[in-house]
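What you see is a predicted model, and the numbers here were worked out from it, not measured in a lab.
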Amino acid sequence: MRTMTTTLMILIAIALTGCGKSEGPGANGPSAKLPEGLMLAAAPGDAKNLIDVKATAKEGDVVTIKAVVGGTMKPFVENRAIVQVIDPSQQSCRDIPGDTCPTPWDYCCVPQEELTKNMATIQVVDAAGQPLKIAFDQAKALKPLDEIIVTGKVGPRPDPNVLVINVTGIYISGTRMK
């Protein structure tokens, strides 16, 4: 079942990146950096837990959510500003006393059905709606288990289990890594 969810997340990421070709210098290489002002110095107000927003959000809604970077072994999409996040109510392996899991951000201790309903994808897109060609981890902007608050616009929702947010602001409120 974990393989099915991982495959679904990979397919979503591939679909979101598109297959069109861009013209101009650096079109096939990564962007230099994330947009100015993306990383916020103060928390946006009125943030709701990811799971609450996922239950009611419609395409085009502007939302502010609380989430944690993780939910899969590799939450960052290579060379794209796309990352998997999970609702902060979920307990990672790091939160379980005595657990020595080397990758607690994959939430392998959580049943797959819970992961699916508590996860979302956040991404930073360009003017054409395509994810930027730089990964959050390459930009040293985020790391697994960062607790974040993000603001952005909800993308297409082909299925109630899919929530993609095109982010305009990210605030790191803490980390679960110890």
What distance separates [X] [atom1] from [Y] [atom2], expressed to the nearest 0.5 Å?
{"X": "L34", "Y": "I170", "atom1": "CG", "atom2": "CD1", "value": "7.5 Å"}
{"X": "K74", "Y": "T103", "atom1": "NZ", "atom2": "OG1", "value": "11.5 Å"}
{"X": "D87", "Y": "K66", "atom1": "CG", "atom2": "NZ", "value": "9.5 Å"}
{"X": "E59", "Y": "K153", "atom1": "CD", "atom2": "NZ", "value": "9.0 Å"}

Expected output: side-chain [X] to main-chain [Y] donor-acceptor under 3.5 Å:
{"X": "K54", "Y": "N161", "answer": "yes"}
{"X": "N118", "Y": "E114", "answer": "yes"}
{"X": "S92", "Y": "W105", "answer": "no"}
{"X": "D126", "Y": "G129", "answer": "yes"}

Modelled atom types, side-chain donor and acceptor of T121 and Q84, under 3.5 Å: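 Result is yes, a qualifying pair exists.
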
Pair T151-T64, side-chain donor/acceptor within less than 3.5 Å: yes

Tell me, do [X] and [Y] make a side-chain contact under 4.5 Å, heavy atoms counted?
{"X": "I96", "Y": "Q91", "value": "yes"}
{"X": "T72", "Y": "D106", "value": "no"}
{"X": "I134", "Y": "N79", "value": "no"}
{"X": "I172", "Y": "M39", "value": "yes"}
{"X": "L145", "Y": "P104", "value": "yes"}

Shortest non-hydrogen contact from [X] to [Y]?
{"X": "M119", "Y": "L115", "answer": "CG-O, 2.9 Å"}
{"X": "C108", "Y": "C93", "answer": "SG-SG, 3.4 Å"}
{"X": "P75", "Y": "P144", "answer": "CG-CG, 4.5 Å"}
{"X": "V69", "Y": "F76", "answer": "CG1-CZ, 3.8 Å"}

Derivation of the side chain to side chain contact (heavy atoms under 4.5 Å, CB included) call for F136 and D146: CA-CA 12 Å; F136 282 105; D146 274 348; over 6 Å; no

Are [X] and [Y] joined in one hydrophobic group, where the rule is that I, L, V, M, F, W and Y side chains link up if heavy atoms are under 4.5 Å apart?
{"X": "L132", "Y": "L40", "value": "no"}
{"X": "Y171", "Y": "L38", "value": "no"}
{"X": "V125", "Y": "V83", "value": "no"}
{"X": "V154", "Y": "I51", "value": "no"}
{"X": "I149", "Y": "I165", "value": "no"}

Stepwise side chain to side chain contact (heavy atoms under 4.5 Å, CB included) test for C101 and C109: CA-CA 9 Å; C101 177; C109 302; 5.7 Å; no

Verdict with supporting geometry, N166 and V124, side chain to side chain contact (heavy atoms under 4.5 Å, CB included): CA-CA 6 Å; N166 297 324; V124 181; over 6 Å; no

D159/R157 salt bridge by N-O under 4.0 Å criterion: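 No.
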
Candidate pair Q130 and Q123, rule side chain to side chain contact (heavy atoms under 4.5 Å, CB included), full reasoning: CA-CA 9 Å; Q130 296 301 308; Q123 63 181 0; over 6 Å; no

Among I86, I122, V150, V85, the one residue meeting side-chain contact (heavy atoms from CB on, under 4.5 Å) with L50: V85

